[in-house]
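The structure presented is a predicted model; accordingly, all values stated were derived computationally and were not measured.
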Amino acid sequence: MSDLDVQLPSAFDPFAEANAEDSGAGPGAKDYVHVRIQQRNGRKSLTTVQGLKKEFSYNKILKDLKKEFCCNGNVVQDPELGQVIQMQGDQRKKVATFLVEAGIAKKDNIKIHGF
């Protein structure tokens with residue numbers, strides 16, 4: 001009985017993939033923009049955008065996203081991930097197309113998680 005390794009289930013971490021990819025990234029690795037969904041209560045959800053370049057104004061991007069998609073949102077400062085844009089609802093596809101059309105990110109550099 002003492003030879004069994006028991007692993008307790010832990011809470012789901014939606015940013016685990018990005019942290020794993022960032023830790024093994026070399027100097028030639030791409031800078032991906034990660035678009036994720038986080039489930040809240042029942043049907044409620046949050047869309048998070050992480051990995052935008054530092055020179056962009058996150059508040060201006062958020063203002064345009066909120067106006068375009070008629071939703072609310074904010075910019076959260078995370079100690080590990082930096083600035084993360086959060087928006088209400090499932091806006092993953094819309095955000096990805098908006099970032100490409102606005103020239104903020106290339107289509108190849110956007111990863112949509114949760115599909």
Side-chain angles (χ1 to χ4, degrees):
M1 290 270 183
S2 62
D3 295 336
L4 296 177
D5 290 331
V6 177
Q7 293 182 348
L8 297 175
S10 61
F12 175 70
D13 184 14
F15 297 103
E17 292 178 13
N19 293 338
E21 291 171 3
D22 292 344
S23 63
K30 289 185 178 180
D31 293 327
Y32 286 108
V33 176
H34 298 276
V35 181
R36 293 185 175 81
I37 187 169
Q38 290 180 342
Q39 196 67 32
R40 284 188 359 165
N41 306 344
R43 293 177 48 192
K44 307 292 182 184
S45 60
L46 285 175
T47 301
T48 59
V49 181
Q50 167 205 344
L52 295 174
K53 294 181 181 176
K54 304 281 187 214
E55 61 259 15
F56 292 123
S57 172
Y58 282 68
N59 289 326
K60 288 184 179 179
I61 294 172
L62 177 64
K63 183 179 177 182
D64 290 339
L65 288 170
K66 286 167 50 174
K67 195 176 286 188
E68 182 78 20
F69 305 142
C70 299
C71 67
N72 201 3
N74 61 356
V75 178
V76 177
Q77 181 65 34
D78 189 84
E80 293 179 9
L81 305 173
Q83 291 186 324
V84 178
I85 296 176
Q86 290 183 342
M87 298 185 333
Q88 289 180 346
D90 186 3
Q91 312 286 348
R92 290 175 291 184
K93 290 181 182 178
K94 295 178 186 178
V95 168
T97 56
F98 178 85
L99 293 175
V100 171
E101 289 175 0
I104 297 171
K106 295 181 181 176
K107 188 174 182 178
D108 298 339
N109 293 350
I110 297 177
K111 282 196 170 185
I112 301 177
H113 299 273
F115 280 118

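A heavy-atom distance below 4.5 Å is not found between the side chains of Lys111 and Val33. By the 4.5 Å heavy-atom criterion applied to side chains, Arg40 and Leu46 are counted as neighbours.
Minimum interatomic distance between Tyr32 and Asp108 (heavy atoms only, all atoms of both residues): CE2-O, 3.7 Å.
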Exercise for review: Would you please test Asp31 and Asn109 for side chain to side chain contact (heavy atoms under 4.5 Å, CB included) and show each step?
Suggested key: CA-CA 7 Å; Asp31 293 327; Asn109 293 350; over 6 Å; no
Using atom types as modelled, flag every donor-acceptor pair under 3.5 Å from a side chain in residues 62-73 to any protein atom, sequence neighbours excluded.
none

With a 3.5 Å cut-off and sequence neighbours excluded, list the donor-acceptor pairs that the side chains of residues 81-103 form with protein atoms.
{"residue": "Asp90", "atom": "OD1", "partner": "Arg92", "partner atom": "NE", "Å": "2.9"}
{"residue": "Asp90", "atom": "OD2", "partner": "Arg92", "partner atom": "NH2", "Å": "3.0"}
{"residue": "Gln91", "atom": "NE2", "partner": "Gln88", "partner atom": "O", "Å": "3.2"}
{"residue": "Arg92", "atom": "NH1", "partner": "His113", "partner atom": "O", "Å": "3.2"}
{"residue": "Arg92", "atom": "NH1", "partner": "Gly114", "partner atom": "O", "Å": "3.2"}
{"residue": "Thr97", "atom": "OG1", "partner": "Lys93", "partner atom": "O", "Å": "3.2"}
{"residue": "Thr97", "atom": "OG1", "partner": "Lys94", "partner atom": "O", "Å": "2.9"}

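At a threshold of 4.5 Å between side-chain heavy atoms, the hydrophobic network of Ile, Leu, Val, Met, Phe, Trp and Tyr places Ile37 and Val76 in two separate groups.
Tyr58 places no side-chain N or O within 3.5 Å of a backbone atom of Asn74 that could act as its donor or acceptor partner.
Expressed to the nearest 0.5 Å, how far CG of Asp78 lies from OG1 of Thr48 amounts to 10.5 Å. Arg36 CZ to Ile112 CD1: the interatomic distance, rounded to the nearest 0.5 Å, is 12.0 Å.
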